[in-house]
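To keep things clear, I will list the structure first and then write my remarks on it.
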Amino acid sequence: MLSAQNPVECPAGFLFVPQSRIVMVWEPNRLEVDRLERVQALEARNIEPFPARVQRTHTAAQAVAAYEAQEALGEAAAPVEVTVCGRIRRVNLKGKVSFMHIEDETARVQLFLRVNELGDATYDLVKDKLIDSDDFVQASGTMMRTQAGEISVRASSLTLLAKSLSPLPVIKRQELEDGSVVEYGEFTDVEARYRQRYADLAVNQNVRAVFQKRAKVMQALRQFFDARGFLEVETPILQPVYGGAAARPFITHHNQLDQDLYLRISFELYLKRLLVGGFDAVYEIGRDFRNEGVSFKHNTEFTMLEFYKAYIDYQDVMELTEQFVSHTAQQVNGTMQTTWRGHAIDFTPPWKRITMRDAIREETGIDYMDYRKRDALETVMRERGITVKPGQPWGKLVEHLLGESVEPKLIQPTIIMDYPRDISPFAKRVAYDDLHVERFEFYIAGMEMGNAFTELNDPRDQEARFLEMATTFRQGDDDETPLDEDYLRAMRYGMPPNGGFGMGIDRLVMLLTDQDSIRDVLLYPHLRAEQK
RNA sequence: GGCUCCGUAGCUCAAUUGGCAGAGCAGUUGACUCUUAAUCAAUAGGUUGAAGGUUCGAGUCCUUCCGGAGUCACCA
């Protein structure tokens, strides 16, 4: 409610409150004007359009199930009395008898409205459309089947619960004999759907299903890690020093403390400090923020899963990864197979494992170990027609080579292991040379899904890596990794050997729900400000 | 950020070579006591994303801006 002083009503329907940020710009269209007039008509009949109290006894699904149970018992069973609530999704006025479909989260159920049973006063509300499509209502009555066979509530009372002032897009549904549903009318404009997700959800059942499935993914993940003794923790989103990934951060400011802070780009360094503190296994599911471009697989903020476990290495993490991903698929979809963008994908372990060197060699014929200086590698890459940004370190070139030539072909789950050291400041060196570390990433459907290491726990080497990063990347580079003095202090107390892992959950949800874009698995994807 | 495409009624879409902005659904009025994409009759609805320009005439051509999508760059 507006409480500011001296609001000004402008001619076009604008409301502007001087010295404030309150500007209401709603200009009702003619459909909305109709509904506003009906609110007044309701109030003229002393009917509250937004009452506070509700008496629901059954969800729509429970009401239908109760009637089916009654039918199964035969004639002897007592009639089923219900009070159901929901949004009106279809109205069919037929003179002195009418039908409505109301919908709650569980189901749709039909209301059978007859003037004899409802009474003139209530029936007139329906007939005059004072109770109309998109409104929330409560109906009480006995469950029945119509002559056409549809289970319905024979309403003896009907109460408005909340008036809808703006009509939703109309989508008509036809249930075919085989049980499938055909929809007529659409709400498909992607910008409108993202900006007004509430309307999208209200009319597009399949969109609701995506987010119900997303919640199941979260449940399955927590179930998996909880059952294996991992402690779920929460670490700071606002951080004085960011780190743990190669990404550009958002910067914000604490006024009272006069302190610049970064929104986290990963949880890594805070989680590993907890292993120093004595927790053997921790995980966190939360939001990361990266100040970078967006695409079908990148959103400005996204949901990350990271876990760290003491006394295991990256080989063990590979196994855990195969297990929790396949477990999640099984829990959510009841199968380890899925289809994404027409690709049949099978999460069943074990997955293909191959070193980065072998993967690149198999695909391109290039053995990058023949080119251990960055200039030499850059030259051979350019000869193959791969565009290379100048000034990249050797490891970046290797990674780029993988991304260009191998990554798009990794449709089935594949683990690529042993990454270049100079782009992996938190992973332990391999035993066999000084150019690689015990790190793997796994790929599905041509997308990078997750990243894991045998975590570096030698504070002397960690310090050297921070310094290496500082010389490899110029300050201000996107990949700059700031030295975290407190993290080194923690590590000096002693950190158990451990394996760690991180992945963007949104991409897994994309795969499991067959959605083409990350925006379709985020309720509120990041968009530019809407301008008026 | 570069390039390409898109923006028309509440929703989904038309509009010939630059020549009167249209349809379905929704809406409004009326009829109908078992409908279900209900049906029947009548009817209303537009600053074509915004601002400029070319032209006798612009939804259509040009410029700039806003927003979205795709793609590249960047990036997990």
Please name all residues satisfying side-chain contact (heavy atoms from CB on, under 4.5 Å) with R382(A), sequence neighbours left out, ordered by chain then number.
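Result, side-chain contact (heavy atoms from CB on, under 4.5 Å) vs R382(A): E378(A), V388(A).
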Would you mind listing every salt bridge (charged side-chain N to carboxylate O under 4.0 Å, His left out) that reaches into residues 121-130 of chain A, with sequence neighbours excluded?
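Counting only pairs at least two positions apart or across chains, the salt bridge (charged side-chain N to carboxylate O under 4.0 Å, His left out) contacts touching residues 121-130 of chain A are R45(A)-D128(A).
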Pick one: which of E441(A), E399(A), E438(A), H436(A) meets side-chain hydrogen bond (donor to acceptor under 3.5 Å, both in side chains) with Y419(A)?
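The side-chain hydrogen bond (donor to acceptor under 3.5 Å, both in side chains) with Y419(A) is passed solely by E441(A) among E441(A), E399(A), E438(A), H436(A).
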Under the ring pair (Phe, Tyr, Trp, His ring centres under 6.0 Å) test, residues paired with Y283(A) that sit two or more places apart:
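In terms of ring pair (Phe, Tyr, Trp, His ring centres under 6.0 Å), with neighbours along the sequence ignored, Y283(A) is linked to F225(A).
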Looking at E68(A), I'd like to know if its CD atom is crowded, meaning that more than 12 non-hydrogen atoms belonging to other residues, nucleotides or ligands lie closer than 6.0 Å.
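Result for CD/E68(A): enclosed.
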Inspect the surroundings of OH in Y262(A) and state if more than 12 heavy atoms from other residues, nucleotides or ligands are less than 6.0 Å away.
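Count not over threshold, so no.
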CE/M510(A) to CZ/R214(A) distance, rounded to the nearest 0.5 angstrom?
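Reported value, rounded in 0.5 Å steps: 11.0 Å.
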Side chain to side chain donor-acceptor pair (under 3.5 Å) assessment of Y123(A) paired with S98(A):
CA-CA 9 Å; Y123(A) 195 83; S98(A) 296; 2.7 Å; yes
Could you tell me whether K163(A) and D134(A) make a salt bridge, using a distance below 4.0 angstrom between a side-chain N and a carboxylate O?
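No, no charged N to carboxylate O under 4.0 Å.
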Helical stems, RNA chain B - three or more consecutive Watson-Crick or G-U wobble pairs below 3.5 Å:
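Expected stems, ordered by start: B:1-7 with B:66-72, B:10-13 with B:22-25, B:27-31 with B:39-43, B:49-53 with B:61-65.
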For the side chain of N204(A) and the backbone of F187(A), is there at least one donor-acceptor N/O pair under 3.5 Å apart?
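A pair under 3.5 Å: yes.
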Might you list the N or O atoms of the protein lying below 3.5 Å from N or O atoms in nucleotides 8-15 of chain B, with each pair's distance?
unit_1 : atom_1 : unit_2  : atom_2 : d
C11(B) : O2'    : E186(A) : O      : 2.1
U12(B) : OP1    : T188(A) : N      : 3.1
U12(B) : OP1    : D189(A) : N      : 2.9

Have a look at F324(A) and tell me which of F347(A), F442(A), F501(A) forms a ring-ring contact (aromatic ring centres under 6.0 Å, His included) with it.
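That would be F501(A).
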Rounding to an integer number of Å, can you tell me how far I88(A) CD1 sits from G27(B) C1'?
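One finds 16 Å between C1' of G27(B) and CD1 of I88(A), rounded.
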Distance check: side-chain N/O of R519(A) vs OP1/OP2 of A69(B), anything under 4.0 Å?
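Yes.
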If you assign each of R439(A) and E191(A) to its closest nucleotide in RNA chain B, which residue comes earlier from the 5' end?
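Upstream on the strand: E191(A).
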Quick one: on RNA chain B, does F296(A) or R528(A) contact a more 5' nucleotide (nearest heavy atom)?
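The residue closer to the strand's 5' end, by nearest nucleotide, is R528(A).
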Protein-to-nucleotide contact annotation, 5' to 3' order, nucleotides 29-37 of chain B [B base; S sugar-phosphate only; - none; under 4.0 Å, heavy atom]
---BBBBBB
Same-atom distance (C1') from C61(B) to U48(B), integer angstrom
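Each nucleotide's C1' atom is 16 Å from the other's.
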